[in-house]
Asks: 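Have a look at this one.
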Amino acid sequence: LLEVRGLVKHFPARRGAFGGATGWVRAVDGVSFDVRPGEVLGLVGESGCGKTTTGRCVLRLVEPSGGTIRFEGEDITRLPRRRLRPLRRRMQIVFQDPYSSLNPRLSVGSMLAEPLAIHGIARGARARERVAELLTMVGLSPDHARRYPHEFSGGQRQRLGVARALAVEPRLIVADEPVSALDVSIRAQILNLLLDLQRRLGLAYLFVAHDLAVVEHVSDRVAVMYLGRIVELADAASLYEAPRHPYTVALLSAVPVPDPERPRARLVLEGDVPSPLRPPEGCRFHPRCPLARERCRREEPELAEVAPGHVTACHFADEVAGLRGPSPARA
């Protein structure tokens, strides 16, 4: 459904006296992955690793600096806006903040009817019927169409965001941290809603998040990002049971365990994440990696298959097992 190859997005920084860029923030720096029809691909990593920028570049909400994006076999990387608009119907986004992503001046009915009119799907009475259907689909009442965003709770607003994404019957939805701003009880409701809609409508999700327990619950496969690059990608069960990159091990070991008596092994990383303005030479993770050696400082590892369907970018992936303890994410 979606093929991303060598995706790059660099933002200019420290503009000079004449407005020129004197440095570049390498937010996304050579990312490649696929999303299959009906699949949930989780994209995880620390804040600032480039997850959200990757998701927005895929939809051309942020213009990529390089690489290629193919959706349903068509290269959309450089499509003009006129030709891109029909494709918008088949790929949508659910934003992280359920309030700022909604227009406060539009009623819910107008907000949901607008994309129907833009794409020539329905108008008038048929549009009102579709709005009522969408509200029911996400667990709200058709009567809510007369209300405005400020009259809803956070969880209800996120349901409205999901309804808006579903309005044009997409095949791919980029879910950008869709539950991170919600209470835990509401979070579970939205996750279950997304999974139920995926099964009923055959949707594919690119699920961007930093909560590994949430990602494990919803994902078929998981990609781990660090400083603008994917360092590991595997099906969810394999990655959580047997991670093959030190960074993934550290992320999993930081997931809280609900049982204070349960033994756990922590891999605590030293130092801070390097600046994306000047990523380290060689492996980008080597300044914080307990397995780092001279080769890591000189040579950047490429993604290589270490098991069927499991790829990682680590020179010493065979030694990562020694860093692992019991997986707290599965507690």
Asks: Over all heavy atoms of both residues, which pair between G30 and V8 is shortest? Give the atoms and the distance, please.
Replies: N-CG2, 3.7 Å
Asks: For atom CZ of R78, is the number of surrounding heavy atoms from other residues, nucleotides or ligands below 6.0 Å larger than 12?
Replies: yes
Asks: Do the non-hydrogen side-chain atoms of L239 and R221 ever get within less than 4.5 Å of each other?
Replies: no
Asks: Between S107 (side chain) and R146 (backbone), is there a donor-acceptor pair under 3.5 Å?
Replies: no
Asks: Are the charged groups of R89 and E169 less than 4.0 angstrom apart, N to O?
Replies: yes
Asks: Checking side chain to side chain contact (heavy atoms under 4.5 Å, CB included) against L112, which of L166, L106, V131 comes through?
Replies: V131
Asks: Hey, what do you get for CG (L212) to CD (E216), rounding to the nearest 0.5 Å?
Replies: 8.5 Å
Asks: How far apart are the closest heavy atoms of R26 and D29, and which atoms are they?
Replies: CD-OD2, 3.5 Å
Asks: So, Q92 versus R164: side-chain donor-acceptor pair below 3.5 Å or not?
Replies: no
Asks: For a quick test of reading the model, state the closest non-hydrogen atom pair linking V320 to P243 and the distance between them.
Replies: CG1-O, 3.6 Å
Asks: Group every Ile, Leu, Val, Met, Phe, Trp and Tyr by side-chain heavy-atom contacts under 4.5 Å, then state whether L201 and V35 land in the same group.
Replies: no
Asks: Determine whether the aromatic ring centres of H144 and F152 lie less than 6.0 Å apart.
Replies: yes
Asks: With rounding to the nearest 0.5 Å, note down the distance linking SG in C49 to CZ in R284.
Replies: 12.0 Å
Asks: Hydrophobic clustering (ILVMFWY, side-chain heavy atoms < 4.5 Å, transitive) - are I93 and L116 grouped together?
Replies: no
Asks: Return the OG1 to CD1 distance between T68 and I76, rounded to the nearest 0.5 Å.
Replies: 10.0 Å
Asks: Tell me, do F207 and P178 make a side-chain contact under 4.5 Å, heavy atoms counted?
Replies: yes
Asks: Under 3.5 Å, is there a donor-acceptor pair between the side chain of R157 and the main chain of Y99?
Replies: no
Asks: If Ile, Leu, Val, Met, Phe, Trp and Tyr residues are connected whenever their side-chain heavy atoms lie under 4.5 Å apart, and connections chain through other members, are L191 and L203 in the same group?
Replies: yes
Asks: Please work out whether the ring planes of H150 and Y148 are parallel, tilted or perpendicular, with thresholds of 30° and 60°.
Replies: parallel
Asks: Can you check side chain to side chain contact (heavy atoms under 4.5 Å, CB included) on N192 and H217, steps first, answer last?
Replies: CA-CA 10 Å; N192 290 333; H217 178 63; 3.9 Å; yes
Asks: Atom CD1 of I121 and atom CD1 of I118: how far apart are they, to the nearest 0.5 Å?
Replies: 10.0 Å
Asks: Indicate, with yes or no, if L61 and L172 share a hydrophobic cluster defined by side-chain heavy-atom contacts under 4.5 Å among Ile, Leu, Val, Met, Phe, Trp and Tyr.
Replies: yes
Asks: Could you tell me whether the side chain of R88 and the main chain of L59 form a donor-acceptor pair under 3.5 Å?
Replies: yes
Asks: So which heavy atom on H10 is nearest to which on S65, and how close?
Replies: N-OG, 3.0 Å
Asks: Checking E305 side chain against G309 main chain: does a donor-acceptor pair fall under 3.5 Å?
Replies: yes
Asks: Quick one: pull up OG in S219 and OH in Y205 and give me the separation to the nearest 0.5 Å.
Replies: 11.5 Å
Asks: For E133, I'd like to know if atom CD has over 12 heavy atoms of other residues, nucleotides or ligands within 6.0 Å.
Replies: yes
Asks: Do the charged groups of E232 and R244 touch, with an N to O distance under 4.0 Å?
Replies: no
Asks: With a 4.5 Å cut-off on side-chain heavy atoms, are F33 and V311 touching?
Replies: no
Asks: How about K9 and V31: do any of their side-chain heavy atoms sit closer than 4.5 Å?
Replies: no
Asks: Check whether any side-chain heavy atom of I69 lies under 4.5 Å from a side-chain heavy atom of P64, and answer yes or no.
Replies: yes
Asks: Does the pair R36/D220 count as a salt bridge with the N-to-O cut at 4.0 Å?
Replies: no
Asks: Is there a side chain to side chain contact (heavy atoms under 4.5 Å, CB included) between H245 and Y226 once you walk through the steps?
Replies: CA-CA 11 Å; H245 194 282; Y226 181 79; over 6 Å; no
Asks: Are any non-hydrogen side-chain atoms of L194 and V218 less than 4.5 angstrom apart?
Replies: no
Asks: After noting the C-alpha distance and the side-chain angles of L87 and L84, does the key distance pass the side chain to side chain contact (heavy atoms under 4.5 Å, CB included) rule?
Replies: CA-CA 5 Å; L87 292 175; L84 186 62; 4.3 Å; yes
Asks: Between D34 and V4, which heavy-atom pair has the shortest distance, and what is it?
Replies: OD1-N, 4.2 Å
Asks: Ignoring hydrogens, what is the shortest heavy-atom contact between L135 and A145? Give both atom names and the distance.
Replies: CD1-N, 3.8 Å
Asks: Distance from M225 atom CE to L251 atom CG, nearest 0.5 Å?
Replies: 12.5 Å
Asks: If only atom types and distance count, is the side chain of R297 paired as donor or acceptor with the main-chain N or O of R293 below 3.5 Å?
Replies: yes
Asks: Would you confirm whether R70, through its side chain, and E3, through its main-chain N or O, come within 3.5 Å as a donor-acceptor pair?
Replies: no
Asks: Quick one: are T136 and P142 in side-chain contact, heavy atoms under 4.5 Å?
Replies: yes
Asks: Please test T52 against V208 for side chain to side chain contact (heavy atoms under 4.5 Å, CB included), starting from the C-alpha separation and ending with a verdict.
Replies: CA-CA 7 Å; T52 292; V208 177; 4.3 Å; yes
Asks: Measure from NZ or CZ of R90 to the centre of the six-membered ring of F71 and say whether it is under 6.0 Å with the direction within 45° of the ring axis.
Replies: no
Asks: Taking only Lys NZ, Arg NE, NH1 and NH2, and the carboxylate oxygens of Asp or Glu, determine whether E74 and R83 approach each other closer than 4.0 Å.
Replies: yes
Asks: Please answer whether the main-chain N or O of L79 pairs with a side-chain N or O of R60 as donor and acceptor at a distance below 3.5 Å.
Replies: yes
Asks: I'd like to check P170 versus M91 (side-chain heavy atoms, cut-off strictly below 4.5 Å). Are they in contact?
Replies: no
Asks: Starting from V40, can I reach V179 by hopping between I/L/V/M/F/W/Y residues whose side chains sit under 4.5 Å apart?
Replies: yes
